[in-house]
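Reviewing the structure listed below.
Keep in mind that what you see is a predicted model, and the values were worked out from it rather than measured.
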Protein chains: 2
Amino acid sequence: MTRNKPTIFDVARKAGVGIGTVSRVLNGAPNVKQATRERVLQVIEELGYRPSHAARQLATSRTFTIGVIVPFITRAFFVEVLRGVEQVIAGTAYNLVIYNVETPRQRAYYLEQLPFLGRIDGLLIISLPLRQRDVEQLLRNGPPTVLIDEYHPALTSVQSDNTAGARMAIEHLLRLGHERIAVIGDTLNHPLGFRINRERLGSYRRTLELHHIAVRDEYQRWSEEYGREGGKLLANELLSLTERPTAIFALNDMMALGVLEAARDAAIQVPQDLAVIGYDDIELASYLNLTTVRQPMSEMGRRGATLLLNILADGSEQVIHQRLPVELVIRGTTAPSSKQQAHSSAQE
Amino acid sequence: MTRNKPTIFDVARKAGVGIGTVSRVLNGAPNVKQATRERVLQVIEELGYRPSHAARQLATSRTFTIGVIVPFITRAFFVEVLRGVEQVIAGTAYNLVIYNVETPRQRAYYLEQLPFLGRIDGLLIISLPLRQRDVEQLLRNGPPTVLIDEYHPALTSVQSDNTAGARMAIEHLLRLGHERIAVIGDTLNHPLGFRINRERLGSYRRTLELHHIAVRDEYQRWSEEYGREGGKLLANELLSLTERPTAIFALNDMMALGVLEAARDAAIQVPQDLAVIGYDDIELASYLNLTTVRQPMSEMGRRGATLLLNILADGSEQVIHQRLPVELVIRGTTAPSSKQQAHSSAQE
DNA sequence: CTGAAAGCGCTTACAG
DNA sequence: CTGAAAGCGCTTACAG
């Protein structure tokens with residue numbers, strides 16, 4: 001009448017079989033007679049037997065846990081991605097362990113130590129760029145790894161199309177007759193190395209050039225300060241320029257908020273006097289009626305997790321790169337530029 | 001020249017000791033000669049040895065992982081709490097596994113199965129009420145459990161003071177001369193059973209009664225729809241009442257947003273014609289200049305995690321209940337009621 | 001199809 | 001202070 005958790009031995013004894021057989025039915029091995037299988041299952045049920053995770057780990061040298069390294073777990077973009085990841089992992093035998101990174105020190109630890117501790121079977125890395133040596137380490141001794149919102153040729157990844165996103169934003173503004181278009185974002189030299197801003201910035205420039213609009217340095221501004229505060233700061237700078245922009249493209253929605261706030265404070269009408277466009281389409285954007293570029297945030301998480309699960313299931317070494325489309329969501333913060341309205345001429 | 005991960009045997013051999021000794025220095029046991037300890041440490045360093053998590057688990061029957069059951073991982077409140085939890089767990093030997101609950105089905109699984117699978121050493125439950133039988137199960141067979149933003153007499157918990165929070169909000173409005181004060185929130189019968197709304201509602205009523213203000217049923221409204229949409233819906237109902245309220249207390253900031261939106265749409269001036277007050281003080285609140293009740297969200301997470309760690313460390317059975325203070329943050333969405341302005345008389 | 005046995009890599013009395 | 005050995009609860013060839 002021991003009330004200890006039953007083990008595989010208890011099941012085997014009661015079912016009158018060897019533990020090997022119990023193990024086989026547990027793992028759905030094909031070579032078990034149907035009658036035996038049923039008897040064992042029956043006993044498992046009766047005993048309320050649950051196999052020990054730890055023992056299984058030790059015997060198989062698998063951990064059944066997936067690690068996800070995610071920066072600034074508190075920002076809407078990352079939360080949404082994480083949610084997508086969680087949705088697909090929850091349905092599997094895997095556990096999801098989250099490692100939040102907010103400093104370079106944490107990043108170093110999680111990227112250089114964690115993967116080699118044998119604590120995880122698979123790794124998901126969100127938005128964090130990898131150095132070549134980290135990738136090599138990972139490939140040599142680390143678990144299968146999938147990148148989300150980042151890219152490296154040697155690692156399976158899923159991203160959204162940042163180039164197209166920025167292009168769509170700019171072309172939308174051009175179509176509205178804007179020519180003095182500024183771009184802002186958090187620092188291009190982020191301590192954690194985020195690279196998407198550069199990608200979007202590049203696209204901003206190329207799009208302007210393509211349309212023969214001068215690319216002005218003074219219209220490109222960056223702030224160490226993330227989010228609203230940063231956006232407000234930069235918008236204030238831009239709005240006090242002699243030739244101030246008629247449109248501001250913020251590389252994330254939170255900074256777009258800051259722009260709106262700065263405009264409000266300066267009594268500048270949006271969208272009449274200033275068009276504002278954001279990036280991400282976090283929930284807030286629709287509330288503020290913000291025109292923005294929508295990224296499939298949860299979907300990126302779901303895809304990333306699914307790709308990792310596939311690798312884990314079939315051990316395939318094939319590197320896959322998925323790039324998800326983005327979408328321009330036109331709301332109330334963009335309108336034809338005053339110049340445009342005066343001339344009443346369509347740009348294209 | 002095997003490139004396999006070194007085990008405790010490799011260390012023992014190279015250091016010329018038994019594996020027991022290696023284990024002792026690994027676990028900081030006191031009874032090891034200093035010289036021996038140093039030699040072993042040296043070898044561990046040289047070999048880059050890392051003890052196997054799985055083996056340790058199996059031998060100690062501890063898992064070194066803490067589970068946290070959290071509803072709607074995407075909402076600002078929960079994200080902030082989670083971040084607090086993460087901050088304290090990250091510095092320990094424990095892993096943090098997150099279980100996101102969005103349906104009663106998931107709740108049932110995570111509350112009734114997960115704790116008894118031997119996968120976690122400790123459990124944190126956020127905002128989810130427990131039935132008596134769940135608590136008994138937990139106490140009998142489950143891991144040490146700490147409740148965050150919920151209460152049960154038999155389980156250590158940390159909450160903020162919801163009663164005081166609602167009282168402060170209402171008294172602030174009363175002081176401004178408001179008497180027609182409505183309260184809104186997401187449904188009182190939430191599928192996941194959230195109870196804080198009832199607590200705050202109770203305090204709303206008592207506070208009004210205390211001040212001899214009639215408590216009207218039509219001024220208390222609830223929506224299945226969470227957040228902005230729900231808030232907007234309820235605000236529209238309230239604003240179309242014959243005798244419409246001069247102030248609305250939303251039991252969470254997201255719904256307060258919806259109220260602001262409804263007011264905007266109806267061209268009702270906030271705060272002149274309608275005072276609005278929220279709850280939580282999520283980041284957004286300051287952007288929208290929303291008067292609100294600030295809860296120490298991350299701090300609740302930190303406290304909860306710390307309490308759990310303490311239990312895990314000393315095995316204490318003592319049940320502790322912490323209640324953290326909240327704070328009224330007065331911003332721009334509350335002002336004296338027009339009546340008050342007319343009479344120019346202070347309420348107290 | 002199935003059982004007996006080795007092995008996964010630790011911890012922990014036990015005996016010295 | 002330290003070594004040898006048992007034990008944690010599984011999986012997996014191996015032999016039948």
Quiz item: In which ranges does DNA chain D form stems of 3 or more consecutive Watson-Crick or G-U pairs, distances under 3.5 Å?
Solution: C:1-3 with D:14-16, C:5-12 with D:5-12, C:14-16 with D:1-3
Quiz item: In whole angstrom, what separates B:Leu58's CG from D:dA6's P?
Solution: 17 Å
Quiz prompt | OP1 or OP2 of C:dT2 under 4.0 Å from side-chain N/O of A:Thr21 | solution = no
Quiz item: Which whole-number value in Å describes the distance from B:His53 NE2 to C:dC10 P?
Solution: 12 Å
Exercise. Among D:dG3, C:dC10, C:dG9, find the nucleotide with the atom closest to the side chain of B:Ile8.
Key: C:dC10
Self-check item: Rounded distance (Å) that lies between atom P of C:dG9 and atom CZ of B:Phe64
Solution: 18 Å
Exercise. Indicate yes or no: does A:Glu46 engage A:Lys14 in a salt bridge with an N to O separation below 4.0 Å.
Key: yes
Quiz item: Rounded to the nearest 0.5 Å, how far does CG of B:Leu147 lie from CG of B:Leu308?
Solution: 11.0 Å
Self-check item: Aromatic A:Phe72 / basic A:Arg75 pairing, under 6.0 angstrom, 45° off normal
Solution: yes
Exercise. Mind calculating the distance between CZ (A:Arg50) and P (D:dC10) to the nearest angstrom?
Key: 12 Å
Practice problem: Provide, to the nearest angstrom, the distance between the NZ atom belonging to B:Lys5 and the P atom belonging to C:dC8. | Solution: 14 Å
Exercise. With rounding to the nearest 0.5 Å, note down the distance linking CD1 in B:Ile320 to CG in B:Asn310.
Key: 7.5 Å
Exercise. Could you check which residues of residues 24-48 of chain B get a heavy atom under 4.0 Å from DNA chain C? Sort them by number, please.
Key: B:Arg24, B:Asn27
Quiz item: Contact class for B:Ser61 (heavy atom, under 4.0 Å): base, sugar-phosphate, or nothing?
Solution: nothing
Exercise. Round to a whole Å and report the spacing from CZ of A:Arg62 to P of D:dT11.
Key: 11 Å
Exercise. Would you mind reading off the distance between B:Tyr49 atom OH and C:dG9 atom P, rounded to a whole angstrom?
Key: 10 Å
Quiz item: D:dT12, C:dT12, D:dC10: which one has an atom nearest the side-chain heavy atoms of A:Ala55?
Solution: D:dC10
Quiz item: Given C:dT11, is OP1 or OP2 found less than 4.0 Å from the side-chain N or O atoms of B:Ser23?
Solution: yes
Quiz item: Looking at A:Glu86 and A:Arg302, does any basic side-chain N land under 4.0 Å from a carboxylate oxygen?
Solution: no
Quiz item: Rounding to the closest angstrom, what is the interatomic distance between D:dG16 and D:dT12 at atom C1'?
Solution: 16 Å
Quiz item: Rounded to the nearest 0.5 Å, how far apart are CZ of A:Arg107 and CG of A:Asp134?
Solution: 8.0 Å
Quiz prompt | Student check: side-chain heavy atoms of A:Asp149 and A:Val81 closer than 4.5 Å | solution = no
Quiz item: Could you state the CZ-C1' distance from B:Arg119 to D:dC10, rounded to the nearest angstrom?
Solution: 14 Å
Quiz item: Where the side chain of B:Arg56 is defined as all heavy atoms beyond and including C-beta, which of D:dT11, C:dC10, C:dG9 is the nearest nucleotide?
Solution: C:dC10
Quiz item: When you check the gap from the basic side-chain N to the acidic O, do B:Glu112 and B:Arg131 get nearer than 4.0 Å?
Solution: yes
Exercise. Looking only at non-hydrogen atoms, find the nearest pair between A:Tyr49 and A:Ile8 and report the distance.
Key: CE1-N, 3.5 Å
Quiz item: Any luck finding a side-chain donor-acceptor pair between A:Gln113 and B:Arg50 under 3.5 Å?
Solution: yes
Quiz item: Touch check for A:Gly16, heavy atoms < 4.0 angstrom, all strands: base, sugar-phosphate only, or nothing?
Solution: sugar-phosphate
